[in-house]
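These notes concern the structure reproduced below.
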There are 2 protein chains.
Amino acid sequence: MTKQGRKAQFANALIELRSLIIGGSLPAGARLTETAAAERLGLSRTPVRQAMDRLVDEGLLDRIDTGGCRVASFTMTDLVDAIELRGVLEGTAARLAAERGVVPEIAERMDHVLDALDRAVDPSRFDFDAYVRLNAEFHDLLARLAGSDIVAREVERAARLPAASPVAFLQGQELIPDFRVSLGRAQHQHRRIVEAILAREGARAEALAREHARLARANLEYVMHERPGLAERVPGLALVAE
Amino acid sequence: MTKQGRKAQFANALIELRSLIIGGSLPAGARLTETAAAERLGLSRTPVRQAMDRLVDEGLLDRIDTGGCRVASFTMTDLVDAIELRGVLEGTAARLAAERGVVPEIAERMDHVLDALDRAVDPSRFDFDAYVRLNAEFHDLLARLAGSDIVAREVERAARLPAASPVAFLQGQELIPDFRVSLGRAQHQHRRIVEAILAREGARAEALAREHARLARANLEYVMHERPGLAERVPGLALVAE
DNA sequence: TGATCCTTTTCTGTATACAACTAAGCTCCT
DNA sequence: AGGAGCTTAGTTGTATACAGAAAAGGATCA
């Protein structure tokens, strides 16, 4: 069930705490002490403490003045900002890839991913799970397409911000009637972004990647306003206060 | 000398290790074990380990497969990318401030900082130390001007990337003959950025903030190509390989 | 009854102990 | 002499011990 390797306890603590928070088992604003978390997970404080440090860094926990942590709570604006930042950073990755040229191996894999995405959104043989996997890979490749480790790192970090991940809202979309149209639209944007990059059109690539992230924002607003019942199914949305 | 408070040992370890790395006492690529670091700092492994975790996160240490860390080494491209990212994120902060409106209290403080910066760069009463302090405050206020904690956080994180900080190259500029001209130019850009924000000109504000970060890139290239002897005086430049 | 002070418990930050694993050095064999 | 296998020192990940600080709770006094 859980990992058994060398850093097993730390990895377990991180994964389980994160899913407790994102899943809403630990309500936003709740105090979380190291001892309580350690006892709950059946571990010693050392790896749990390390995991909590990391979660503070990710923004899922807020350190409290007196010591100890509190589960973070987010406003809609926070989530919108997180998505905006991901768009900005993916836009930068796209622009730099256009300006500096792409890493050939990554571009080639990108090509295959795009083809596979085309097949996944084809109405005649629609494959949701494949789409989710390939979409994640597309965004990973996009981050690394310019060949800059620093850029790739920061793009990926931005995607870890609450609900900013490109896959965050796919869970919910599965249940929304016209989600196939939405996914087809997203795939169309994927194509245009890569097209702009290969044509060395940096400004266009940047603008398209930014706009692409707006899909997540639209999904966020749709879920929160039209389908509030779905909110608890989307990772991280349980933390939205107000 | 060093901090004595509650989390004193961790804070000391972080600060001292960081300055050892950035200052070049630990050469790029050198292996750094927890035990060695702990012994060198006269602390136990616990806070040192925590500090090293943080430094890995900041990118100053690379975790090694077998366990343990190595001092990171950077290429010129890495530093250029880090500066580019800071520019992009400060540009986003500026654009959002323009689009959404500014936080009045921060805008007011910004106003005072700009006036003080004018005085600091005035040739008749030039004050380098004041400039350094006020410049840092300007960038801090800019990050927070839009009122988004998430944006402010990420801007500040980007400024911690190696040599990307807006103050990184000021140390060196003190010794460069025509540095006063450069600082005056920077202050002119500060004014234009805030002007654009207050006029709600988001695109202009973003472009100006990006271009402003290019000053750091110009300084980087100047130091590396024209004044290599200065490189060791600029924090982080000792880590540049190749 | 209500507030204040003191006691007691809890929690964090730090240090240390221990086991598993890595890596290097040494011995022994060919 | 050169290489394979073993031993041993070193390093990390985890658990635990301990001291100091905050929080909680009760007792005392007005």
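The basis for the numbers below is simple: all heavy atoms, side chains too, and nothing from hydrogens, waters or symmetry mates. Lettering follows sequence order; numbering is per chain, from 1.
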Item checked: Intermediate values then yes/no, side-chain contact (heavy atoms from CB on, under 4.5 Å), V88(B) and R210(B) -> CA-CA 6 Å; V88(B) 164; R210(B) 282 194 188 186; 4.1 Å; yes

Margin query: Walk me through whether D81(A) and F74(A) qualify under side-chain contact (heavy atoms from CB on, under 4.5 Å).
Written below: CA-CA 11 Å; D81(A) 290 349; F74(A) 298 95; over 6 Å; no

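Looking only at atom types and distance, the side chain of H139(B) has a donor-acceptor partner in the side chain of E90(B) under 3.5 Å away.
Between L41(B) atom CG and dA15(C) atom P there is a gap of 11 Å when expressed in whole angstrom units. Look at CD on E39(A): it is 16 Å from C1' on dT16(D), rounded to the nearest Å. Regarding R70(A), its CZ atom lies at a distance of 14 Å from the P atom of dT12(C), rounded to whole Å. If you take CZ of F10(A) and P of dA15(D), they are 13 Å apart, rounded to a whole angstrom. For the pair R31(B) CZ and dA24(C) C1', the interatomic distance rounds to 12 Å; values are reported in whole Å. Taking atom CZ of residue R45(B) and atom P of nucleotide dA17(D), one finds them 18 Å apart after rounding to whole Å. Regarding L32(A), its CG atom lies at a distance of 18 Å from the P atom of dT10(C), rounded to whole Å. Remark: P of dT22(C) and CD of E34(B) are 16 Å apart, rounded to the nearest angstrom.
Against DNA chain C, the stretch residues 50-63 of chain A makes no heavy-atom approach under 4.0 Å.
When distances run from any side-chain atom of R49(A) to the nucleotides dA15(D), dG13(D), dG13(C), the shortest one goes to dG13(C). With dA17(D), dT16(C), dT14(D) as the candidates, the nucleotide lying closest to the side chain of Q9(A) is dT14(D). Of the candidate nucleotides dT11(D), dT16(C), dT12(C), dT16(C) has the atom lying nearest to any side-chain atom of S44(B).
Within the 4.0 angstrom heavy-atom criterion, only backbone atoms of the sugar-phosphate kind lie near T33(B); the bases stay farther away.
No side-chain heavy atom of I197(B) sits less than 4.5 Å from a side-chain heavy atom of M110(B). In this structure, the side chains of V48(A) and F10(A) stay at 4.5 Å or more apart for every pair of heavy atoms.
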Side chains of residues 40-47 of chain B: which donor-acceptor pairs under 3.5 Å do they make with residues two or more places apart or in other chains?
unit_1, atom_1, unit_2, atom_2, d
S44(B), OG, T46(B), N, 3.3
R45(B), NE, E34(B), OE1, 3.1
R45(B), NH2, E34(B), OE1, 3.1

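We find the CG-CG distance between L183(B) and L117(B) to be 9.5 Å, quoted to the nearest 0.5 Å.
A close approach under 4.0 Å does not occur between any side-chain nitrogen or oxygen of T46(B) and OP1 or OP2 of dA15(C).
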